[in-house]
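Every chain is numbered from 1 and lettered A, B, ... according to where its sequence line falls, protein lines coming before strand lines.
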Amino acid sequence: MSVAYVDAIREAQDHLLREDPRVFLYGQDISHFGGAFKATKGLAEAYPGRVLDSPISEDSMIGMAVGAALEGMRPIVEMQFADFSSIAFNQIVNQAGTHFYRTGVPVPLTVRLPSGGTPGSGPFHSQSMEAIYSHYPGLVVVTPATVADAYHMLIQAVSVDDPVIYCEHKFLYRWLKSSGIEGDGLPLGAARITRPGKHATIVTYSAMVHEAVRAADRMQEEGGWEIEVVDLRTVKPLDMDTVLASVARTGRLLALGEAFPWGGVTAEVVSRVSSEGFHLLDAPPKRFNSRDTPVPYHPKLWAAHRPTPETICLAMRELLSY
Amino acid sequence: MLEARQLETKLASLYKAGKIVGGVYLGKGQEAVSASLGGCLEWGRDIFAPLIRDQGGRSAFGEPIIDCTRTYLGSAEGPMRGRDGNIHRGRPTSGLPAMISHLGASVSVVSGMLLARRIKGELDGVVGATSIGDGGTSTGAFHEGLNAAAVEKLPLVVAVANNQFAYSTPNERQFACDDLLDRARGYGVEGHDVDGTDFLACLRTMAEAVDRARQGRGPQMVVARLLRLSGHGEHDDASYVPETVRSGPYGRDCMDIAAAQMVESGYADETEIESWREAVTDEVQRALATAQREPDPNPWDERWEARSTNLLTVTDP
Ligand SMILES: Cc1ncc(C[n+]2csc(CCOP(=O)(O)OP(=O)(O)O)c2C)c(N)n1
């Protein structure tokens with residue numbers, strides 16, 4: 001049996017609805033239509049009254065989820081695209097994010113953000129919002145890169161008492177397939193060594209894990225370089241133990257991400273490795289992100305906007321030649 | 001109402017004496033509207049998300065007065081433990097959400113609470129209410145929230161205190177419809193208009209709106225016309241409110257009107273009302289004294305953690 005990334009998300013929600021009466025789904029076009037990406041296909045029929053279409057009102061969708069969480073429910077909100085969560089920004093960071101600290105009462109809700117670029121999607125259906133939400137206290141931000149993680153991390157996200165921003169990558173939806181959803185039992189906040197190596201470390205997350213592995217394979221073929229790839233899995237909080245242990249082994253760091261370059265997850269990784277593990281570094285740590293422009297529409301521009309195996313290899317050669 | 005007025009008068013003095021940091025936001029002149037809404041709701045069953053000028057509604061709903069004094073004075077024993085202040089307080093697991101400052105944001109939170117009760121099969125006879133000002137009705141959050149509540153046909157009551165100004169901005173710079181009730185119609189929500197200075201009228205209107213929501217007629221919007229008889233906060237002298245408006249019908253003090261209505265209707269006489277005032281004064285004094293005696297939060301003991309969970313313990317359930 002082959003399971004695609006988006007099917008894993010659907011299966012996880014099916015499992016959650018079946019096992020946990022506190023779970024319900026709320027989002028645009030998610031009931032009988034099954035969602036823009038079919039991540040909720042068939043669930044409205046299987047769980048009547050628990051898969052609800054919302055108006056196009058992102059602010060109120062999250063406000064509703066906060067209220068429901070206060071009443072003991074475990075809402076999962078589907079944003080149609082991560083980009084539109086900008087409308088819900090206030091409710092996410094100010095209502096949900098502050099709640100536990102202010103009141104001592106946690107708000108267990110999960111926001112699914114269909115994130116990242118795909119060819120032809122353009123400036124408003126391609127964004128990666130993980131850095132924005134990670135900046136704010138009180139939120140957990142996860143970025144699964146594998147089919148098994150898509151499944152297990154969604155189930156774990158819903159079990160967490162805090163608001164979780166679950167960034168699922170649209171490029172992986174149908175492209176990424178696996179023989180099953182069997183996981184390796186890692187807890188939510190732990191990073192994974194996806195590919196072991198010894199000459200340099202690429203710390204990355206979400207779809208870029210796959211680009212990093214491709215680049216690492218090429219570097220191996222071309223020059224015998226053994227590049228370690230660390231998949232952060234959770235970007236807030238960061239698993240610095242795993243990151244620092246990898247940098248201790250390799251002495252070189254490239255922090256790689258698809259998001260815009262100013263600040264963000266890669267900046268955080270480089271900054272923390274520099275201050276917590278400066279003595280481990282044999283070369284200045286590098287960052288590599290997409291370009292500092294809106295995400296372009298045309299596939300040729302899009303492909304040149306984000307890191308690719310070719311450009312990652314260029315960055316790696318620079319890092320290794322220091 | 002009496003409690004709210006007396007409590008807030010004391011809070012204003014404490015602010016002026018430098019004993020309260022941040023700000024003090026009064027509901028002076030809006031007690032009738034707020035308290036009649038809170039009074040129509042039942043603690044333990046209903047939901048009330050108060051906003052900036054709702055001390056009257058909070059007291060009437062059943063929030064202990066000590067929550068107010070502790071939060072204003074920053075007591076470590078209060079519901080917010082110094083982490084948030086003044087009106088930003090609540091008991092979120094008892095149907096009293098703690099407001100954030102962002103206007104309009106509570107409408108959907110109350111709706112979500114009601115939706116949860118519906119899914120759990122516990123919505124029967126429950127009403128959720130929230131308050132907002134004329135200015136707050138211009139926010140996207142308000143529109144989104146009310147629309148979504150109407151779509152779900154939730155038993156939500158939104159009380160709009162149209163006090164003619166949002167901070168300093170008069171209604172003509174805030175909205176262009178003739179009447180805020182037009183908005184209710186636009187959402188398919190039942191609207192109710194009331195003179196917010198008239199206590200008995202407020203009681204009747206709120207009771208009607210709350211009853212209709214309870215009966216399953218969907219969201220209700222009450223617009224009360226009045227004036228806030230204070231600044232936006234105690235730092236503000238409200239000099240932007242023209243004298244003609246202050247001395248007009250909206251400038252009447254609902255407390256005086258309520259007292260007169262009680263006497264007139266034979267519900268209470270002057271002596272009784274005076275004895276209520278005294279009882280309330282004592283209660284307010286006690287709540288302030290208690291909160292003042294209590295320790296401040298200690299930054300060294302503070303748990304500087306905005307999440308409740310250690311994620312590394314989270315594996316598949
Ligand atoms: C979204 C948002 N913008 C701005 C503010 C700052 N602010 C606080 S109260 C206020 C005026 C509110 O006016 P209104 O809603 O009419 O209520 P009133 O103060 O008259 O009771 C403003 C602008 C805020 N709290 N929230």
Is it the side chain or the backbone of B/Ile119 that comes within 4.5 Å of chain A heavy atoms, both, or neither?
side chain

Residue selection (most heavy-atom pairs with chain A, distance under 4.5 Å) from B/Arg303, B/Met99, B/His143, B/Met80
B/Met80

What part of B/Arg118 gets within 4.5 angstrom of chain A, counting heavy atoms only: side chain, backbone, both, or neither?
neither

Bottom line for A/Ser159: the part with an atom under 4.5 Å from chain B's heavy atoms is side chain

For B/Glu152, which atoms come within 4.5 Å of any heavy atom of chain A: side chain, backbone, both, or neither?
side chain

Among B/Ala141, B/Gly104, B/Ser111, B/Pro92, which residue forms the greatest number of heavy-atom pairs with chain A at distances under 4.5 Å?
B/Pro92

If every non-hydrogen atom of B/Met113 is compared with every non-hydrogen atom of A/Gly67, which pair is closest and at what distance?
CG-O, 3.2 Å

If you take all heavy atoms of A/Ser60 and B/Glu144, which pair is closest and at what distance?
N-OE1, 2.9 Å

Considering only heavy atoms, which portion of B/His88 lies under 4.5 Å from any heavy atom of chain A: side chain, backbone, both, or neither?
both

Which one, B/Ile100, B/Thr315, B/Ile47, leads in non-hydrogen pairs under 4.5 Å with chain A?
B/Ile100

Is the closest side-chain donor-acceptor distance between B/Ser308 and A/Asp162 under 3.5 Å?
yes

Closest heavy-atom pair and its distance - B/Glu305, A/Tyr101
O-CD1, 3.8 Å

Examine whether an atom of B/Arg91 lies under 4.5 Å from a heavy atom of chain A, and if so say whether it belongs to the side chain, the backbone or both; otherwise answer neither.
neither

Select one option (side chain, backbone, both, neither) describing which atoms of A/Ser54 are under 4.5 Å from chain B's heavy atoms.
neither

Using heavy-atom distances under 4.5 Å, tell me whether A/Pro137 contacts chain B through its side chain, its backbone, both, or neither.
both

Pick whichever of A/His152, A/Arg50, A/Met153, A/Met73 has the most heavy-atom pairs under 4.5 Å with chain B.
A/His152

What part of A/Phe100 is in contact with chain B, defined as an atom under 4.5 angstrom from a non-hydrogen atom: side chain, backbone, both or neither?
both

Okay, side chain of B/Lys120, backbone of A/Glu71: is any donor-acceptor separation there less than 3.5 Å?
yes

Relative to chain B, which segment of A/Gln95 carries a heavy atom at a distance below 4.5 Å: side chain, backbone, both, or neither?
both

Check whether any side-chain heavy atom of A/Val160 lies under 4.5 Å from a side-chain heavy atom of B/Leu311, and answer yes or no.
yes

Counting heavy-atom pairs under 4.5 Å with chain A, which one of B/Val151, B/Asp84, B/Leu146, B/Asn310 comes out on top?
B/Asp84

If you look at every heavy atom in A/Pro237 and B/Arg307, which pair is closest and at what distance?
CB-NH2, 3.6 Å

Using non-hydrogen atoms only, which part of A/Leu139 is less than 4.5 Å away from chain B: side chain, backbone, both, or neither?
backbone

